[in-house]
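Only a predicted model underlies this, so the values are computations on that prediction, with no experimental measurement involved.
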Amino acid sequence: MSNKSAIGICHEKAPEIVIDVSQDTNIILRRTSLRWRNPANAPDEWEAEILTKFEEQKSQGAKMENLTALKQTTEGLRFMRAIPTQGVCMTCHGDTIAPKISSKIKEYYPDDKAIDFKNGDIRGAFSILIKEPGK
């Protein structure tokens, strides 16, 4: 798969997968970040607070796999886990993005904030809400 087709899949298919999972279950799955690419993925207040805490914990030496959060709300159970920036992420989120890829990203996301990451940075987080039945 080429990088350009990967961008298209992320742009078109990832949101469809999230909608399908959410419609078939009581689970709402999101990816969010303090530096989002898609404005629809901007963090809500709790997610932004947790992402900021993850950054603080990482700067104090916490391991990426330990950066998780859990909260019971009136809607249900919320969970977050940090997403590390790794090798393949750098193609579209690093500080050196090929011009063809960069132009395609800008076509889809003109206000992109999800660039200039380094290996090992917190790219964002998976955010899950397991809804209480009937809510």
Side-chain angles (χ1 to χ4, degrees):
M1 174 183 335
S2 72
N3 290 328
K4 284 176 68 173
S5 65
I7 295 165
I9 289 171
C10 286
H11 176 71
E12 296 170 14
K13 295 295 181 189
E16 290 174 12
I17 292 167
V18 169
I19 289 168
D20 287 346
V21 168
S22 298
Q23 287 177 344
D24 295 340
T25 66
N26 282 342
I27 298 171
I28 297 174
L29 171 64
R30 294 175 21 91
R31 288 177 304 156
T32 190
S33 178
L34 294 173
R35 292 165 39 200
W36 62 89
R37 175 155 284 160
N38 181 344
N41 295 336
D44 65 23
E45 185 177 336
W46 182 71
E47 291 167 334
E49 177 185 329
I50 296 303
L51 286 162
T52 300
K53 284 182 181 178
F54 285 172
E55 290 290 351
E56 291 168 3
Q57 292 169 338
K58 183 179 178 296
S59 72
Q60 295 169 359
K63 293 183 178 183
M64 191 73 71
E65 62 268 18
N66 294 333
L67 299 177
T68 63
L70 189 64
K71 177 183 180 180
Q72 181 68 46
T73 70
T74 56
E75 285 186 281
L77 185 65
R78 295 193 74 179
F79 173 78
M80 285 182 65
R81 181 180 181 122
I83 301 170
T85 303
Q86 298 175 343
V88 70
C89 305
M90 301 304 287
T91 303
C92 298
H93 297 284
D95 56 359
T96 307
I97 302 171
K100 285 184 179 181
I101 294 171
S102 182
S103 67
K104 193 67 171 174
I105 291 169
K106 286 180 183 175
E107 177 184 327
Y108 288 133
Y109 309 104
D111 297 320
D112 182 21
K113 300 174 190 321
I115 57 171
D116 295 327
F117 285 92
K118 308 276 187 266
N119 270 317
D121 285 351
I122 297 172
R123 170 64 197 93
F126 294 109
S127 181
I128 301 169
L129 168 62
I130 303 171
K131 293 171 73 173
E132 291 286 340
K135 297 208 176 186

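- Residues Asp111 and Pro39 have side chains not in contact (no heavy-atom distance under 4.5 Å, counting atoms from C-beta outward).
- In this structure, NZ on Lys113 lies 11.0 Å from CG on Leu34, to the nearest 0.5 angstrom.
- Here the side chains of Arg123 and Ser33 are in contact, with some heavy-atom distance below 4.5 Å.
- Summarising the geometry of Ile27 relative to Ile130, their closest heavy-atom pair is CG1-CG1, 4.3 Å, with the distance given to 0.1 Å.
- For the pair Lys106 and Ser102, the minimum side-chain heavy-atom distance is below 4.5 Å.
- His93 contributes no side-chain N or O that, together with a main-chain N or O of Phe117, makes up a donor-acceptor pair within less than 3.5 Å.
- A pairwise comparison of heavy atoms in Cys92 and Ile105 identifies O-CD1, 3.7 Å as the closest pair.
- A continuous path of ILVMFWY side-chain contacts below 4.5 Å connects Leu77 to Phe79, so both sit in one hydrophobic cluster.
- No chain of hydrophobic side-chain contacts below 4.5 Å, direct or via other Ile, Leu, Val, Met, Phe, Trp or Tyr residues, connects Tyr108 to Trp36.
- Here the straight-line distance linking atom CZ of Arg35 with atom CG of Asp121 works out to 6.5 Å at 0.5 Å rounding.
- Residues Thr68 and Met80 fail the side-chain proximity criterion, which asks for heavy atoms closer than 4.5 Å.
- Contact check for Thr85 versus Lys118: no side-chain heavy atoms found under the 4.5 Å cut-off.
- Heavy atoms only, all atoms of each residue included: Gln86 and Asn119 are closest at C-OD1, 3.1 Å.
- For Phe54 against Ala125, the heavy-atom pair with the smallest separation is CE1-CB, 4.2 Å.
- You'll find the side chain of Ile97 stays beyond 4.5 Å of the side chain of Thr91, heavy atoms only.
- The heavy-atom pair separating Thr32 from Asn41 by the smallest distance is OG1-O, 2.6 Å.
- Residues Asp44 and Arg78 have side chains in contact (heavy-atom distance under 4.5 Å, counting atoms from C-beta outward).
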side-chain contact (heavy atoms from CB on, under 4.5 Å) assessment of Arg31 paired with Arg37:
CA-CA 11 Å; Arg31 288 177 304 156; Arg37 175 155 284 160; over 6 Å; no
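- The side-chain hydrogen bond (donor to acceptor under 3.5 Å, both in side chains) pairs that include a residue from residues 56-66 number zero, where partners must be two or more places apart or lie in different chains.
- Pro84 and Cys89 make their closest contact through O-SG, 4.2 Å (heavy atoms, listed as atom of the first residue, atom of the second, distance).
- Using modelled atom types, one side-chain atom of Thr52 and one backbone atom of Ala48 make a donor-acceptor pair closer than 3.5 Å.
- Hydrophobic clustering places Ile50 together with Leu67 (ILVMFWY residues linked when any side-chain heavy atoms are closer than 4.5 Å, directly or through intermediates).
- Ile128 is connected to Leu70 through a chain of hydrophobic side-chain contacts under 4.5 Å among Ile, Leu, Val, Met, Phe, Trp and Tyr, so both are in one cluster.
- Looking only at distances, no side-chain donor or acceptor of Asp112 sits under 3.5 Å from a matching main-chain atom of Tyr109.
- Under the 4.5 Å side-chain heavy-atom criterion for grouping Ile, Leu, Val, Met, Phe, Trp and Tyr, Leu51 is connected to Trp46 within one hydrophobic cluster.
- Of the listed residues (Glu47, Arg30, Arg81), just one forms a side chain to side chain donor-acceptor pair (under 3.5 Å) with Ser127, and that residue is Glu47.
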